[in-house]
Amino acid sequence: MKICTITCHDVYNHGASLQAYGLMRYLINLGYEVEIIDYKPDYLSRHYKLFAISSPKWEKNLFTKLLYLGAKVPGRVVSLKRKRAFDAFKAKHLALTPARYNTNDELKRNPPEADIYLCGSDQIWNTLHRNGSDPAFYLDFVPEGKVRAAYAASFATESIHDRYKPFVKEKVSKLDGIGVREKSGVAILHQMQIHQAVNVVDPAFLLDDSEWNRLGTASIPGDYVLVYDFDDSSLIRRIAESLAKRWSCKIYAVNGGKSKYANKYFQYEGPETFVSLVRDAKFVISNSFHAAVFSIIYEKNFAIVNRTEAINTRMRDLLDDLGLLDRLVGEYVGIDELCRDIEYRKVKTILNRKIQESKGYLNTILGNRRKSS
């Protein structure tokens, strides 16, 4: 039996790449033929296009265009080295459909053949961005008679604007199974009178640490505090520098564009190195959802800071579910408090139960040949 998944797999973000791999690998391990639909609409392709202008306000005239490109192009040239690392990860580890699709209409005209279609995981339904209102990420293109379901789809926010609710309700109501990654996502759908939604874990949790070690083969020597910061957060810097001073260790940063106080940067490495960095760290401090996920997989001590963008329900719900809400920290956090070891025996008891429930949900979907038989 063949399964096709669709997600934001190619956006040059560690978490996005790894969650796509996690679901694919878990399904392959079960014995299924799996392909990730190579869906790359224009709005997910602009970041690494040297001369793309992502905001209409800069397209008014030649002067504003040149001003915008003069500011953006040098950074984009530097970023191409990072892009190559992610492209290498994609080519080596992700099984993609032979055809690339750029629009939902293209998918409708010539959909990839499969018995079951899964949308998810990650922020595919985040209506703050265009993917949240893209019918493709709700499996709108799937032919009649085929099984279609969501696994760990995320809205990433506490609520969605009223203007998106009719669209979301219509598309989600057509799914044969609705597995969302956050309990806040379940609540959003309940408010739309969609009551069959269930809460499932991120696909990264479907694989254990030994499986991830096959991917993260690099060995990162020495003691270090790992920083993965999207916002250039002063709080993350303060925590990282305090811990490094206490333990007389280094600070390593995943994204070199930020965190310029670090001793070493891993700006151009791909997702494999990210896994190794989390696994070998003494402590992880981040505002990334997947930094929290992999810290938990590897039973690391960690702290999570809220993002400036309003997508923090992801971290809050995950940590709250696992009894780790004290690891979501604010300005007045005490360093002594952070240095206390996490009691992972309790955490893993809760997590393992949630993983089994999530696998049970998937098994139900995978066993649903009612439509395709």
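Here the structure is a predicted model, which is why all the values come from computation and not from measurement.
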Taking every non-hydrogen atom, the tightest pair across [X] and [Y]:
X: Pro111; Y: Tyr101; answer: C-OH, 4.0 Å
X: Trp125; Y: Asn131; answer: N-ND2, 4.4 Å
X: Ser154; Y: Ala156; answer: OG-N, 3.1 Å
X: Cys339; Y: Leu243; answer: SG-CD2, 3.7 Å
X: Thr313; Y: Glu182; answer: O-CG, 4.1 Å
X: Ala152; Y: Val200; answer: N-CG2, 3.5 Å

Does one side chain, of [X] or [Y], offer a donor that lies under 3.5 Å from an acceptor on the other?
X: Asn287; Y: Asp229; answer: yes
X: Ser233; Y: Asp231; answer: no
X: His9; Y: Asp38; answer: yes
X: Asn301; Y: Asp341; answer: yes
X: Tyr39; Y: Asp10; answer: no

Between [X] and [Y], is there a side-chain N and carboxylate O pair less than 4.0 Å apart?
X: Glu35; Y: Lys2; result: yes
X: Asp326; Y: Arg340; result: no
X: Lys346; Y: Glu343; result: yes
X: Asp140; Y: Lys108; result: yes
X: Glu241; Y: Lys245; result: no
X: Asp202; Y: Arg314; result: no
X: Asp232; Y: Arg237; result: no
X: Lys165; Y: Asp162; result: yes
X: Glu211; Y: Arg214; result: yes
X: Lys92; Y: Glu272; result: no
X: Glu158; Y: Arg316; result: yes
X: Lys83; Y: Asp87; result: yes

Could you tell me whether a side-chain N or O of [X] sits under 3.5 Å from a main-chain N or O of [Y], the two making a donor and an acceptor?
X: Thr7; Y: Ser121; value: yes
X: Thr349; Y: Arg345; value: yes
X: Tyr344; Y: Lys300; value: yes
X: Asn199; Y: Val180; value: yes
X: Tyr224; Y: Ala281; value: yes
X: Tyr265; Y: Lys260; value: yes
X: Thr127; Y: Gly132; value: no
X: Glu170; Y: Pro166; value: no
X: Tyr361; Y: Ile178; value: yes
X: Asp280; Y: Ile220; value: yes

Ring center gap for [X] and [Y] short of 6.0 angstrom:
X: Phe86; Y: His14; result: yes
X: Trp212; Y: Tyr298; result: no
X: Phe266; Y: Phe274; result: no

key: Distance under 6.0 Å and angle within 45° of ring axis: Arg82 vs Tyr12   =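 Judged by the rule, Arg82 and Tyr12 form no cation-pi pair.
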
ask   = Do Arg148's NZ or CZ and the ring of Phe141 fall within the cation-pi criteria of under 6.0 Å and 45°?
value = no

request  = Apply the side chain to side chain contact (heavy atoms under 4.5 Å, CB included) test between Val275 and each candidate in Thr217, Asp209, Leu18; give the one that qualifies.
outcome  =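 Looking at Thr217, Asp209, Leu18, the match for Val275 under the side chain to side chain contact (heavy atoms under 4.5 Å, CB included) is Leu18.
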
Evaluation steps, salt bridge (charged side-chain N to carboxylate O under 4.0 Å, His left out), between Asp134 and Lys171 = CA-CA 10 Å; Asp134 186 338; Lys171 299 304 180 186; over 6 Å; no

Test log, rule side-chain contact (heavy atoms from CB on, under 4.5 Å), inputs Leu324 and Ile296 = CA-CA 10 Å; Leu324 289 170; Ile296 292 165; 4.1 Å; yes

request  = Take Gln356 and Arg353, measure what side-chain contact (heavy atoms from CB on, under 4.5 Å) needs, and give me the verdict at the end.
outcome  = CA-CA 5 Å; Gln356 292 309 310; Arg353 173 179 53 79; 5.9 Å; no

Within-4.5 Å side-chain heavy-atom neighbours: [X] and [Y]:
X: Lys264; Y: Ile251; result: no
X: Arg238; Y: Glu331; result: yes
X: Asn102; Y: Asp42; result: no
X: Val284; Y: Ser295; result: yes

Criterion salt bridge (charged side-chain N to carboxylate O under 4.0 Å, His left out) on Lys348 and Glu299, from CA distance to verdict = CA-CA 9 Å; Lys348 287 301 180 74; Glu299 300 190 5; 3.1 Å; yes

request  = Could you check whether the rings of Phe230 and Tyr228 sit parallel, tilted or perpendicular, using 30° and 60° as the cut-offs?
outcome  =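 Taking Tyr228 first and then Phe230, their aromatic rings sit tilted (interplane angle of 30° to 60°).
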
task = Check the angle between the aromatic planes of Trp247 and Phe283 and answer parallel, tilted or perpendicular using the 30° and 60° thresholds.
result = tilted

side-chain contact (heavy atoms from CB on, under 4.5 Å) between Leu319 and Ile304, intermediate numbers included = CA-CA 9 Å; Leu319 300 179; Ile304 296 295; 4.3 Å; yes

Nearest-0.5 Å distance that lies between atom [atom1] in [X] and atom [atom2] in [Y]:
X: Tyr252; Y: Leu277; atom1: OH; atom2: CG; value: 9.0 Å
X: Tyr151; Y: Leu27; atom1: OH; atom2: CG; value: 9.5 Å
X: Leu207; Y: Ile297; atom1: CG; atom2: CD1; value: 7.5 Å
X: Ile285; Y: Phe302; atom1: CD1; atom2: CZ; value: 10.0 Å
X: Ile124; Y: Leu139; atom1: CD1; atom2: CG; value: 7.5 Å
X: Ile37; Y: Thr5; atom1: CD1; atom2: OG1; value: 7.0 Å

task = Determine whether more than 12 heavy atoms belonging to other residues, nucleotides or ligands lie under 6.0 Å from atom NZ of Lys250.
result =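 No, not enclosed.
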
Would you list the atom pairs, donor with acceptor, under 3.5 Å between side chains in residues 185-197 and any protein atom, with sequence neighbours excluded?
from	atom 1	to	atom 2	distance (Å)
Gln193	OE1	His195	NE2	3.3

